[in-house]
Amino acid sequence: MPTNQHSEPTEKAVTGDSQAQEMRYNPADIEARWQQRWESQPELYAAEPATSARPKYYVLEMLPYPSGQLHMGHVRNYAIGDALARYMWMQGYNVLHPMGWDAFGLPAENAALKNNTPPRQWTLNNIAAMKRQMNRLGLSYDWRNEVTTCLPEYYRWNQWFFLRMYERGLAYRKKSKVNWCPQCATVLANEQVVNGCCWRHEEQIVEQRDLEQWFLRITNYAQELLDDLSKLDGWPEKVRTMQRNWIGRSEGAEIEFELEDAAAAPEDEARTKGTSVLPAREDVKGSGKKIVVFTTRVDTIYGATSLQLAPEHPLVKEMAAATPSLASAVAGLLEQQRAAREAGDVGGIEKHGVFTGHYAINPFNGERLPVWVGNYILLDYGTGAIMSVPAHDERDYEFAKKYGLEMRIVVLPRHDGEAADSGAREAMLPFTEENSLLINSGEFSSMGCEEAQHKMAAHAEQHGFGKAKVVFRLKDWGISRQRYWGTPIPMLYCETCGIVPVPESELPVLLPDNIEITQQGGSPLGRVPEFANAVCPKCGGRARRETDTMDTFVDSSWYFYRYTDARNSEAPFATDTVAYWFPIDQYIGGVEHAILHLIYSRFWTKVMRDLGVVRNDEPVARLFTQGMVIRNGAKMSKSKGNVVSPDEMIARYGADATRMYSLFAAPPDRDLDWQEDGVAGVSRFLGRVYRFAAKYGERAKGAGAASGELTTESQALLRKLHQTIRKITEDFAGRWHFNTCIAAIMELVNTLTAAESQIAEGRVPDAVLADILRSLTLLLAPFAPFLACEIWEQLGETSGLLRAPWPKFDEALAREDQIEIPVQIMGKLRAVVRVSADAGEETVRDAALNDEKVTAAIAGREIVRIVLVPRKLVNIVVKQSV
RNA sequence: GCCGGGAUGGCGGAACUGGCAGACGCAGCGGACUCAAAAUCCGCCGACCCUUGCGGUCAUGGGGGUUCGACCCCCCCUCCCGGCACCA
């Protein structure tokens, strides 16, 4: 136990002076004592049941991954949440403030490989260590509702939800191209790929593999996830924008182009180059094969001069099979695309393409468009095929220029278009403005673009070759992971019945304990015959268990519901209990989860609502994303060597000072620059408070209620006190600028110590002193709970500080009777006059004009105007002397 | 390229709705206490100028504008951080 082994050598010298010893602020002693008391009362921070007469308040910080060590980002996150929770308790709310562990995941397996510790043991040890750190910080969690996602009591409900989703077609299995991280040796969701690299391994390029995977149909909810963003007005605009971009809704149309029957094609000139459109002809025959194109600009379809297919388009494969030269060209294009994707720069790819030799018929006018393959066409967006309109699309323009493809202008600006000659028109290309008019577009000519978009989609639908269509960028959520340390997917593959879900009565499918972890050869569970071999519940025949586990983001998608009813063994939670607590009133965490966790949990909530187990549409009413903790200009990281450990700070300055500094050094939404000297400064401040209370607490202890006229000194102190109460109360309700709240408390204490001689002389009655000391302690409680409790007790208070009522702001006491009004002349400060706070305009004006410095500065010039802002300032405008 | 956020003393930051720029803290300087140190307490602390005063001028990334008055609003520009990006 690394306790007081390294105590200060200086302490010996002080031991002689018992008075000084007593007055010294020793956070280690105080905090150890209170920590012990709090831990012996597990009901201390317990929320009341739904029958509580108090209004409910659910405050939540994002649950950590149990790495074994808290870092400063955690401390900051929890300091914010804890201050809020304590404040809301003091405001009389029934507060739910829980904590848990996002305990599945790869690091446990890596640790197992490295030091031969079983993942479960490694994880549980880490949890114990981090819980100790949290308790050392004095965080007010209700541990009765602790959730640990790697325990069967929790993950069985992951399985249960999965089965419900499977029943409803929301969970399905398909073979598809998936992201594969060789270092993780598993598949990643789209959301876990950052710049073409693994989110955990920044340098590791993600490969594409074809695998059978389980998916959750988040796309079913794409529209609702998008629409409901507008309801989340308690969320940062930034996060909402990020989610909007991620969902990526595009409105457009799908149009079918039939491939021309090449064998029966009439002889045309320039057939082999594929650079120009072939005219419509009566004798052209269709092959029956269709190319479906998605476009947001169907209005420009008369300007289409080619089709562009993705290299992996199925039709391209077919064509390439028949034409070896095409096959090798396409392979080249595909390789370029893959390289760009892996470099994380799909946008920067240099466009290349190859003509397939085929033509497809534009259903609007019968023209035949050359069919090309382009390395910039992505198979997984839209239909993997586009119509190319060089005159009205930047990318198509660039491509057409390069390969000499035909261009056709079919859109002109509303006003100057008609007059322009062809040279001027070409100079505008590519012209992409949608507030424009169509030309050369058959029956649609002279329509506006938007009108044409609707009419053309309707036309296509009427004639059976297309329809209006909405496309999302968001893809279904692939949740299969070829790893051990996760929730087993409760599915079986029967030799005769095929895919069979595990019956609910057999849940949980337990994760076996004794397992050899390796990073090769697929899912580790596949090598555990007792696990993998099963009996089909349908036919009793031999079946193989699914050996992949779930993405750990499944665990964190609904954990906060479990907190409300964490020991329920019959259901994931009681619906009524959830209905009482949800939505979460305030969620606090890092912005790095803006897309991943926060979009998955919104999805999960909507699924649970449709399953009838919750009644809310959204999980989180208000979201707060705190800034990063940085040091020397960079995010703390081992590789940069700028990490500061919370343990070290706590050992040196105490938990109160460490927490308080993390709130004091910057507003919570901004990045925080960690400066150890600053922590020392906060610690010094707490020492001043401690000593002041120690010195005058005894006097305050026995004091009765204040009575009679207040002395001037008392008034001044109470004024400052109530100004501070107002400031902090307002900030908790709104801005959350805890840095200035703490500064305000410091000012109050400075005022108090400056008045110390008057207090010592007895010019401030004990009752007033007691009032001030009690209020100060209450104001301090959300930020420095250990010290606040210590002082609270010294003041003779026996009720718990946690539920003590927040001090009430008194307008009359806060009011200044004299205020200073700055006097400007021509906008420059020339004097300050003191007037009574309720002085009328006349009085203020007279005071300003009669001020010596003001008359001197005016120097007899003519006064043009006097601007008078009540209680704020006077500005005198004079005629400029020449 | 597009969308956010930001730039204020030596440093972190304050100024909430357009009204005394630099609260609060750190660092620094000077002093008290002490044999000494630590701890603590007190004072000074944006830059420049002079006639050293209850003085003046300049100053919130740069340039312009609106206003009696701009860190704050408008226009243009520079740099930093974050997100998105052939999304058809």
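Just so we're on the same page: letters track the sequence lines, and every chain starts at 1. On a predicted model such as this, the values are computed, not experimentally measured, just so you know.
B/rA27 sits 13 Å from B/rC41 when the P atoms are compared, rounded to a whole Å. Going from the P atom of B/rC72 to that of B/rU60 covers 9 Å, rounded to whole Å. Going from the P atom of B/rC2 to that of B/rC75 covers 16 Å, rounded to whole Å. Of the C1' atoms belonging to B/rA70 and B/rG83, the separation is 31 Å, rounded to the nearest Å. Separation of the P atoms belonging to B/rG65 and B/rG56 is 26 Å when rounded to the nearest angstrom. Separation of the C1' atoms belonging to B/rG30 and B/rC54 is 24 Å when rounded to the nearest angstrom. For the P atoms, the distance linking B/rA15 with B/rC71 amounts to 15 Å, nearest Å. Rounded to the nearest Å, the gap between the C1' atom of B/rG46 and that of B/rA37 is 34 Å.
Counting non-hydrogen atoms under 4.0 angstrom, A/Gln824 reaches a base of the nucleic acid. Among the protein residues, A/Ile377 comes within range of the nucleic acid bases, having at least one heavy atom under 4.0 Å from a base atom. Heavy atoms of A/Gly248 sit nowhere under 4.0 angstrom from any nucleic acid atom. When heavy atoms are screened at a 4.0 angstrom cut-off, A/Val877 is found touching the sugar-phosphate backbone but no base atom. At a threshold of 4.0 angstrom between heavy atoms, the contacts of A/Asn750 are confined to the sugar-phosphate backbone, with no base atom among them.
Under 4.0 angstrom from either OP1 or OP2 of B/rA88 there lies at least one side-chain N or O belonging to A/Ser250. Put simply, A/Arg865 has a side-chain N or O that comes within less than 4.0 Å of OP1 or OP2 on B/rC68. The side chain of A/Asn875 places no N or O atom within less than 4.0 Å of a non-bridging phosphate oxygen (OP1 or OP2) of B/rC20. In this model, the phosphate group of B/rC41 is approached by a side-chain N or O of A/Arg691 to a distance below 4.0 Å at OP1 or OP2. For A/Arg830, a side-chain nitrogen or oxygen approaches OP1 or OP2 of B/rG56 to under 4.0 Å. The shortest distance between the side-chain N/O atoms of A/Arg871 and the OP1/OP2 oxygens of B/rG19 is not below 4.0 Å. In this model, the phosphate group of B/rC24 is not approached by any side-chain N or O of A/Lys727 to a distance below 4.0 Å at OP1 or OP2. Considering only side-chain N and O atoms, A/Arg688 lies under 4.0 angstrom from the phosphate OP1 or OP2 of B/rG25.
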Where along nucleotides 5-13 of chain B does protein come under 4.0 Å, by heavy atom, of base (B) or sugar-phosphate alone (S), with - for untouched nucleotides?
-> -SS---SBS
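Nearer the 5' end of RNA chain B, as judged by each residue's closest nucleotide, is the contact made by A/His737, out of A/Gly384 and A/His737. Closest-nucleotide positions on RNA chain B for A/Trp246 and A/Arg684 were compared, and the one nearer the 5' end corresponds to A/Arg684.
The side chain of A/Arg735 has B/rA15 as its nearest neighbour among B/rA15, B/rA88, B/rC84. Side-chain atoms of A/Leu873 lie closest to B/rG19 of the nucleotides B/rG19, B/rA88, B/rC84.
Side-chain atoms of A/Tyr661 and A/Gln675 include no donor-acceptor pair closer than 3.5 Å. Between the side chains of A/Gln723 and A/Glu816, at least one donor N or O sits under 3.5 Å from an acceptor N or O.
Looking at A/Tyr403, its side chain does come within 3.5 Å of a backbone N or O of A/Gly353 through a donor-acceptor pair. For the pair A/Asn375 (side chain) and A/Lys351 (backbone), a donor-acceptor distance under 3.5 Å is absent. Using modelled atom types, no side-chain atom of A/Gln243 and backbone atom of A/Leu226 make a donor-acceptor pair closer than 3.5 Å.
Screening A/Val591, A/Leu229, A/Leu232 for a side chain to side chain contact (heavy atoms under 4.5 Å, CB included) involving A/Val239 leaves a single residue, A/Val591.
Applying the 3.5 Å distance criterion, the base of B/rC26 shares no donor-acceptor pair with the side chain of A/Asp677.
Between A/Met72 and A/Trp674 the shortest side-chain heavy-atom distance falls below 4.5 Å. A/Ile30 places a side-chain heavy atom less than 4.5 Å from the side chain of A/Tyr25.
B/rA88 atom C1' lies 9 Å from atom CG of A/Leu378, rounded to whole Å.
Using N1 to N3 plus N6-O4 or O6-N4 for Watson-Crick, or N1-O2 and O6-N3 for G-U wobble, each under 3.5 Å, B/rG82 pairs with B/rC3.
Note: A/Phe732 and A/Phe738 meet the aromatic proximity criterion, with ring centroids under 6.0 Å apart.
Regarding the sugar-base torsion, B/rG43 falls in the anti class, its angle being beyond 90° of 0.
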